[in-house]
Every structure is written in structure tokens, then in C-alpha cells.
**Q** 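Please find one structure pasted underneath; my questions will follow.
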2 protein chains.
Amino acid sequence: MPKIVDHEERRHRLAEAVWTLTLRDGLEGVTLRKVAVEAGVSMGQVQHYYATREDLVRDAIDRAVRALNARIEASIRATDPASAETMLRECLRAMLARDPESLRLLQLSVAVVGRAISDPAMAGVLAPGGGELLDFTAGLIAAAWQERGAPARGNGLIDADICWNLATSLGVDVALGQRSPDEALRVLDYHLDNLLG
Amino acid sequence: MPKIVDHEERRHRLAEAVWTLTLRDGLEGVTLRKVAVEAGVSMGQVQHYYATREDLVRDAIDRAVRALNARIEASIRATDPASAETMLRECLRAMLARDPESLRLLQLSVAVVGRAISDPAMAGVLAPGGGELLDFTAGLIAAAWQERGAPARGNGLIDADICWNLATSLGVDVALGQRSPDEALRVLDYHLDNLLG
DNA sequence: CCTCATGGTCAACGATCTTCGGCATGCGTC
DNA sequence: GACGCATGCCGAAGATCGTTGACCATGAGG
């Protein structure tokens, strides 16, 4: 019937504007007017696509987290699946934001952490994939041991848990600029050398 | 000359109000008027003690981080200094918020993480004590090895780095309610068993 | 009693988010 | 081709917020 526009494209453009403003002024500095200017549209249009400012920010953050996950999964799929150890290292390295776009998305993901303490819905977005990811990682660790001819030891699930905690913690450091990606990578590789050796 | 009041006590009371509101409504939900009501004072009085809302929130967060550090240091001082391993475990356990007051302060500290991505001043508050802490921890690890009669191996500074990254990451999980303190403690102890054994 | 620095209050202003009623556009239908 | 109306979009009013600046109250010193 009436005009037909690409809602997805509109929302993506608005989310991009929110991203830019968030990295520059912080989450609290994101204003409907500033978003409208940044996206080159009227403030009314912003309100047309999001009922409330909260919805706008929430969706923008949600898109950032999903985009980061997509990037991580893509880099994993691009890795040689023949070597479990290579796959394991690549999975964890993906959290270290070694290119500008990943850094941007990682910083945005970190921006939600604060919000999550008083907003359970946001805490859910950050949940680390749940138990399947730990199972998968534990499997990689066991396979890497086998490749190296080392016997299995300890509790693989906890080892996987520790790996992801370390990787995400290093990722946060990188996102906050308190550590260079190279340094984070050295720490991560050191831990994996100990774990697999 | 004129009336004399305890500024420190006033500011502490206001900071407590900010803490309560932050945990309930999030950092963005902290309003001068709500703070005034929560603290049982007039809004004018709040403004009298803090030039701007930003100053108020910043000081309240700063107090929370300092209070948490003080608690951690206190629990460390209360530990038997004869055993390096006990000392090491206690230092790292202190990040897991195993009592309600620590949990509250830890949650408040986590709340700033998001803010830190666009506010370098806040990032400084979160800096993990700097290099001295790593040196100290590396010393504890070396001493613990000696106690166990195990030879030193690897890079003590990186081992210490990994320990703190793991402990803080587990602490964040606990603060967000995604993991129980007991479970976090098991993961931490598992890692220390591997490291020291 | 007067002075005035300190502690505290209040009203007005601009910016902001939200609500709601209205305008425009163009597909479907006759 | 003309009409209907759902969709897309806009703008002004209302409510809330932070900030500003002038104002009042108190009580130790002269």
C-alpha cells in the first residue's frame, strides 16, 4: 500500500550513529538530537523507528554485540580445522580485537558491562554463549593434547572456562587501552603453552 | 567563624545514596533530586557539596573503588603472612566478593567499566594497581613454589598477570550474578593448584 | 550590636525525552 | 484516473532534568 522503505537499513544507520556517539561521548552522551544529526535525519524519524531512547540504545548495543560475535565466528570459520591447537588459539585470539573494526565493536560491548549490573536484560546479552561453548572448547583442548601426544589431565571444562575468562579479561584491557593487543596476545599464548605443554 | 559541619560525613552520606540508586536504577538513573530524597536532604544541599552531577557521580564511584580496595587490603593484612601460598590465594580470593558489602562495592566498581571507554579519567581508577602489584604477586608465586619444594619455571610476572586477570574476570561474573562465589572460587583454586603443583 | 564567611535554599532557564495530533506519500482498489 | 488509508514522518506541548545565580540563615569574631 504505502511507501516502502528498508527498515533494517534505517535502523542500521541509526545504530552506526549511536556507536560513533557512544565511543566519543559515552553511553550517557547519546542524545536523540545528536543521533539525528549524526545520521543525517530528522529527530522525528529517529523517534519513528524507536519508541524510546532506551530502545534505541538497547538495539544499537545489541547490534554491536551481535556484529562482534559474527566477526569472531567468521575468523574461526576461516581457520584451518585440521589442527585443534590452531583452532583453539584462533578462537581465543578473536577476543583480543586485533583490527580496528573489532576494537570498535569490543569497546561498545564493554560499554554495556556497567549497564548490566542494574539491567538483567543486558546481562543476558553478554552471557558467554553458555555451556555449549565451554563443551566445544574443552573438546578442542583434549584434541590438542592428543595432537601433541600428551595425556589428558585435570578438568577440561574448567580449563576451557579459565581460557575464556582470561581471553575476555585481556580483551577488556585492550578495549580500555590499558594493554596493547600484542602484549595481550603474548599473555594468552603463554597460558596456552603452559596448558598444552 | 560560622557554622561548622563535617564535610566528609556529608559527602559520604551522599555517596551512599548514589550507591543505592546506582544499584537500583543504573548510573544513568542517578538524579540530583533522587539523590536528595534518598539521602534525606534538600536538592540545594547536594548542589552545595558538588558543583555538578558529574562531580557527584565521579566522587561516589571513586569512594566505592577505594572502599573495595581498603576491604581487600584489610583481608590481606588479616591473613597469616607465614605461608606465601595462603597469602596468594587470599589476595586473589578477595576479588570474588564473598560477603554482601564486598559484592555491593564490586558491583559499583563494575558499573564504571562502561564509562571508562570514553572517559580516560575513569579508566585510571580501574587500573589494577600497576606494576608493583604484579611484582608482589610474582614474588608470592615464587615463594609458594619454594614452600612446596618445586623448582621455578616460566615467567613469574606473566603468571601473576594471568592470576589477576582470572580473578578480576571471575569477580565481574560474580558481580553480574552469572556465577556464584563458590563456583568462582573453585575455578580460581583449580588454576592455582595447576600453577603451584 | 554589627560584620561577614560559611552552610544552605529556591526559582528560573535551557536542554532533554516523551506524548500526541497532524501532514504527506503512494500502493491497492474501484 | 480517482479515491481510501495505512505507512512514514514531522512538530509543538508537557514533564523532568541539570545548571545557574541570587538569596536567606546562622553564629563566631570585632
**Q** May I ask you to evaluate whether B/H7 reaches the phosphate of C/dG7, defined as a side-chain N or O under 4.0 Å from OP1 or OP2?
**A** yes
**Q** Once you round it to whole Å, what is the distance between C1' of C/dT16 and CZ of A/R53?
**A**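 About 10 Å, once rounded to whole Å.
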**Q** What residues form a side chain to side chain donor-acceptor pair (under 3.5 Å) with B/R13, not counting sequence neighbours?
**A** B/E9
**Q** Does a side-chain N or O from A/Y49 land closer than 4.0 Å to OP1 or OP2 of D/dC9, or not?
**A**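 Checking A/Y49 against D/dC9: at least one side-chain N or O falls below 4.0 Å of OP1 or OP2.
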**Q** Would you please name every residue forming a side chain to side chain donor-acceptor pair (under 3.5 Å) with B/T79, sequence neighbours left out?
**A**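 Listed in chain order: nothing, the list is empty.
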**Q** Verify the contact: side-chain N or O of B/Q45 to OP1 or OP2 of C/dT9, cut-off strictly under 4.0 Å; return yes or no.
**A**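 B/Q45 to C/dT9 OP1/OP2: side-chain N or O found under 4.0 Å.
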**Q** Under the salt bridge (Lys or Arg N to Asp or Glu O under 4.0 Å) test, which residues partner A/R104, sequence neighbours left out?
**A**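 A/E16, A/E101.
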**Q** OP1, OP2 of C/dG7 versus side-chain N and O of B/R10: anything below 4.0 Å?
**A** no
**Q** I want to check a possible cation-pi pair here: A/R11 against A/Y50, using under 6.0 Å from ring centre and within 45° of the ring axis as the test.
**A**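 Output yes; distance and angle both within limits.
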**Q** Given a cutoff of under 4.5 Å between side-chain heavy atoms of I, L, V, M, F, W and Y, with clusters grown through shared members, what are the other residues clustered with A/V174?
**A**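 Besides A/V174, the hydrophobic cluster comprises A/L103, listed by chain and residue number.
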**Q** Expressed as a whole number of angstroms, how long is the span from B/H48:NE2 to D/dC23:P?
**A**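 For the pair B/H48 NE2 and D/dC23 P, the rounded distance is 18 Å.
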**Q** Mind jotting down which residue pairs meet the side-chain hydrogen bond (donor to acceptor under 3.5 Å, both in side chains) criterion with at least one end in residues 143-153 of chain B? Sequence neighbours excluded, please.
**A**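 Non-adjacent pairs meeting side-chain hydrogen bond (donor to acceptor under 3.5 Å, both in side chains): B/E85-B/R148.
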**Q** For DNA chain D, what residues of residues 29-42 of chain B have any heavy atom nearer than 4.0 Å?
**A**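 Per residue number, the list reads B/V30, B/T31, B/L32, B/R33.
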**Q** Of the residues in residues 14-23 of chain B, which ones touch DNA chain D at a heavy-atom distance under 4.0 Å?
**A**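 None, since no heavy atom is under 4.0 Å.
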**Q** Using side chain to side chain donor-acceptor pair (under 3.5 Å) as the criterion, list what pairs up with B/R115, not counting sequence neighbours.
**A** A/E28, B/E54
**Q** Not counting sequence neighbours, which residues clear salt bridge (Lys or Arg N to Asp or Glu O under 4.0 Å) with B/R71? List them please.
**A**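 Testing B/R71 for salt bridge (Lys or Arg N to Asp or Glu O under 4.0 Å), a comparison that skips the adjacent residues, returns B/D99.
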**Q** B/Q47 has a side chain; which of D/dT19, C/dT9, D/dG8 sits nearest to it?
**A**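 From the listed options, D/dT19 comes nearest.
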